[in-house]
Amino acid sequence: MRAWLQNVGRAVGTLANGMFVTLSTAIRTYRRKPFTTSFEYPERPVSVRPRYRGFHRFDLTACIGCDKCARACPVDCIYIDKEKAPPPAKGFVITGFTIDYTKCMFCALCVDPCPADCLYMGSNYDISCYTRDGCIVDYSKLPLEVAWGQDGLTPTAIHESKKVSLPVWTKT
Ligand code: SF4
Ligand code: SF4
């Protein structure tokens with residue numbers, strides 16, 4: 001009988017605890033201010049956690065063009081263009097490093113295999129644009145301080161990078 005009463009007491013206590021947590025969370029949610037009041041977005045950036053997975057950071061000067069990031073990407077949204085470096089230099093010259101953010105799912109699987117540590121997930125979360133073209137970012141056309149910077153990647157910077165004219169191929 002005593003054990004039974006103890007069990008009933010424990011069950012009631014657990015239930016009350018659970019209901020208290022649910023109720024306090026519901027009240028907190030009800031009292032919460034609107035998102036724009038708390039953060040003043042977009043005038044001021046929203047702070048993110050240190051390990052937030054935002055748009056990438058890429059250092060073109062360190063990349064060796066090994067393709068490991070592109071091979072690791074489960075949705076094939078990294079496109080690397082490269083040419084053989086002119087002798088006596090060895091390796092490749094990266095002429096394009098494009099990520100299609102209409103496909104990227106921010107899984108960060110491309111980051112770990114990079115042997116040169118030149119690709120990371122950044123803290124930028126906003127490259128909103130009016131056309132899908134703005135979601136396709138060629139990091140090799142961006143200035144290094146934008147491509148490698150924590151918060152330099154903006155729709156304006158991406159738009160400017162699309163104006164870079166490439167050498168036109170001509171028949172010899
Ligand atoms: S974060 Fe994931 S989906 Fe996006 S480019 Fe890297 S591997 Fe691909
Ligand atoms: S894995 Fe790193 S070094 Fe290799 S191509 Fe990708 S970014 Fe460049």
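Counting starts at 1 for both ligands and their atoms, in listed order. As the structure is a prediction and not an experimental result, all values here were calculated from the model.
- Across all their heavy atoms, Gly134 and Ile158 have their closest contact at O-CG2, 3.8 Å.
- Contacts of His56 with ligand 1, taken as heavy-atom pairs under 4.0 Å, involve the side chain alone.
- At the top of the distance list for atom 8 (Fe) of ligand 1, counting protein heavy atoms only, stands Cys73 SG, 2.3 Å.
- Within ligand 1, the atoms closer than 4.0 Å to a non-hydrogen atom of Val75 are 3 (S), numbered from 1 in the order shown.
- Per-residue contacts place Cys118 under 4.0 angstrom from the following atoms of ligand 2 (heavy atoms of the residue considered): 2 (Fe), 3 (S), 7 (S), 8 (Fe).
- Less than 4.0 angstrom separates some heavy atom of Met105 from each of these atoms of ligand 1: 3 (S), 4 (Fe).
- Of the protein's non-hydrogen atoms, the one nearest atom 2 (Fe) of ligand 2 is Cys114 SG, 2.3 Å.
- Other residues, nucleotides and ligands contribute only 12 or fewer heavy atoms inside 6.0 Å of the NZ atom of Lys84.
- The residue Val111 has no part lying near ligand 1, judged by heavy-atom distances below 4.0 Å.
- Of all the heavy atoms of Ala62, none lies under 4.0 Å from any atom of ligand 2, so neither backbone nor side chain is involved.
- Proximity to Ile80 (heavy-atom distance under 4.0 Å) selects the following atoms of ligand 2: 5 (S).
- Protein heavy atom closest to atom 4 (Fe) of ligand 2, with residue, atom name and distance, is Cys66 SG, 2.3 Å.
- With a 4.0 Å heavy-atom cut-off, ligand 2 is reached by no atom of Ile78.
- Remark: Lys141 NZ to Phe97 CZ distance equals 12.0 Å, nearest 0.5 Å.
- Residue Phe58 approaches ligand 2 through these ligand atoms, each under 4.0 Å from one of its heavy atoms: 7 (S).
- For atom 7 (S) of ligand 1, the nearest non-hydrogen atom from the set Ala108, Ala72, Cys110, Cys104 belongs to Cys110.
- Side-chain contact, Glu83 with Thr95: no donor N or O sits under 3.5 Å from an acceptor N or O.
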Got a list of side-chain donor-acceptor pairs under 3.5 Å for residues 58-75, not counting sequence neighbours?
| residue | atom | partner | partner atom | Å |
| --- | --- | --- | --- | --- |
| Asp59 | OD1 | Thr61 | N | 3.0 |
| Asp59 | OD1 | Thr61 | OG1 | 2.4 |
| Asp59 | OD2 | Thr61 | OG1 | 3.4 |
| Asp67 | OD2 | Lys82 | NZ | 3.2 |

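- Of the protein's non-hydrogen atoms, the one nearest atom 3 (S) of ligand 2 is Ile64 N, 3.5 Å.
- Distances below 4.0 Å separate heavy atoms of Pro74 from the following atoms of ligand 1: 7 (S).
- Listed by atom number, the atoms of ligand 1 under 4.0 Å from Phe106 heavy atoms are 1 (S), 4 (Fe).
- Of all protein heavy atoms, the one closest to atom 5 (S) of ligand 1 is Cys77 SG, 3.5 Å.
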Practice problem: Given side-chain contact (heavy atoms from CB on, under 4.5 Å), test Tyr101 with Ile127 step by step and report yes or no. | Solution: CA-CA 10 Å; Tyr101 285 108; Ile127 56 164; 4.1 Å; yes
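- Contact annotation: the side chain of Tyr120 never approaches that of His56 to less than 4.5 Å [non-hydrogen atoms, C-beta and beyond].
- The shell of residues lying under 4.0 angstrom from ligand 2, judged by heavy atoms, excludes Pro113.
- Using modelled atom types, one side-chain atom of Tyr125 and one backbone atom of Val46 make a donor-acceptor pair closer than 3.5 Å.
- Within ligand 1, counting atoms from 1 as listed, the ones closer than 4.0 Å to a heavy atom of Cys107 are 1 (S), 2 (Fe), 3 (S), 7 (S).
- Nearest heavy atoms, Cys135 versus Cys129: SG-SG, 3.8 Å.
- In summary, the atoms of ligand 2 found under 4.0 Å from a heavy atom of Asp67, numbered by their order in the structure, are 4 (Fe), 5 (S).
- Among the atoms of Cys69, an N, O or S atom falls under 2.8 Å of atom 6 (Fe) of ligand 2.
- Here the CG atom belonging to Leu15 is positioned 14.0 Å from the CZ atom belonging to Phe20, to the nearest 0.5 angstrom.
- Between the Arg53 side chain and the Phe106 main chain, a donor and an acceptor come within less than 3.5 Å of each other.
- Donor-acceptor pairing under 3.5 Å is recorded for the side chains of Ser128 and Asp126.
- With rounding to the nearest 0.5 angstrom, the OH atom of Tyr79 is 7.5 Å from the CD1 atom of Ile136.
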